[in-house]
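Heads up, the thing below is written out as structure tokens.
When a ligand or atom number is given, it counts from 1 through the structure's own listing order.
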Amino acid sequence: MAEVGSKSVLFVCLSNICWSPIAVFRKLVTDENVSDNWRIGSGAISTYEVGNPPDYHGQNCMRKHGIPMNHIARQITRENFVTFNYILCMGESNLRDLNRKNNQVKNYKAKIELPGSYDPQKQLIIEDPYYGNDSDFEVVYQQCLRYCKAFLEKTH
Ligand SMILES: *[C@@H]1O[C@H](CO)[C@@H](O)[C@H](O)[C@H]1NC(C)=O
Ligand SMILES: *[C@@H]1O[C@H](CO)[C@@H](O)[C@H](O)[C@H]1NC(C)=O
């Protein structure tokens, strides 16, 4: 058994309003009865949407799947690189930005990865649904579900 709160993951995208893997992952760890082991966070690279709720398409999608989502966008902090085990980000430009920020932080421990690297279907990149409709968000949801499951299994 893992210690309470001993594992941690931070989900990061450009503005922290579109992407809902955090909600998906919370649901998964709850269903698996391992939520006590996990500290889960999310954040944005940019400040564009700080303080805003998630995109309404994303809210629709989570509602459709019966997943509670209570979230306000925030920007990641330097401390996040020290306190989280894993930082999973949405695309290659996010990955570059995170690695650059990471290099400015001493004693970082976070492993920065594309969640797609855990995808059994090897779909490395998740399309940003920012301009998408409900069905685009559904595609992203299914992708998130797949790789969050794989990530959870790998880090058991
Ligand atoms: C989680 O706990 C509930 C209630 O104790 C139980 O019904 C369920 O089978 C458990 N799920 C798993 C995956 O262990
Ligand atoms: C969503 O947009 C795509 C094109 O990006 C289109 O093919 C699809 O029919 C649209 N779906 C809905 C439900 O509007």
- request: Applying side-chain hydrogen bond (donor to acceptor under 3.5 Å, both in side chains), run through Glu138 and His65 and close with a yes or a no.
  value: CA-CA 10 Å; Glu138 178 63 24; His65 292 284; 2.8 Å; yes
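Regarding atom 3 (C) of ligand 1, its nearest protein heavy-atom neighbour is Asn33 ND2, 3.7 Å. Looking at atom 2 (O) of ligand 2, its nearest protein heavy atom turns out to be Asn133 ND2, 2.4 Å. Scanning all protein heavy atoms for the shortest distance to atom 13 (C) of ligand 2 gives Ser135 OG, 3.7 Å.
For atom 9 (O) of ligand 1, the nearest protein heavy atom lies 4.0 Å away or farther.
For Tyr118 and Phe151, the gap between ring centers is short of 6.0 Å.
Arg26 CZ to Asp31 CG: the interatomic distance, rounded to the nearest 0.5 Å, is 13.5 Å.
Scanning both residues, Ile45 and Gln75, for their nearest heavy atoms gives O-NE2, 2.8 Å.
The backbone N or O of Ser42 lies less than 3.5 Å from a partner atom in the side chain of Arg74, making a donor-acceptor pair.
Close approach of ligand 1 to Asp31 is summarised as follows: ligand atoms under 4.0 Å from at least one heavy atom of the residue are 11 (N), 13 (C).
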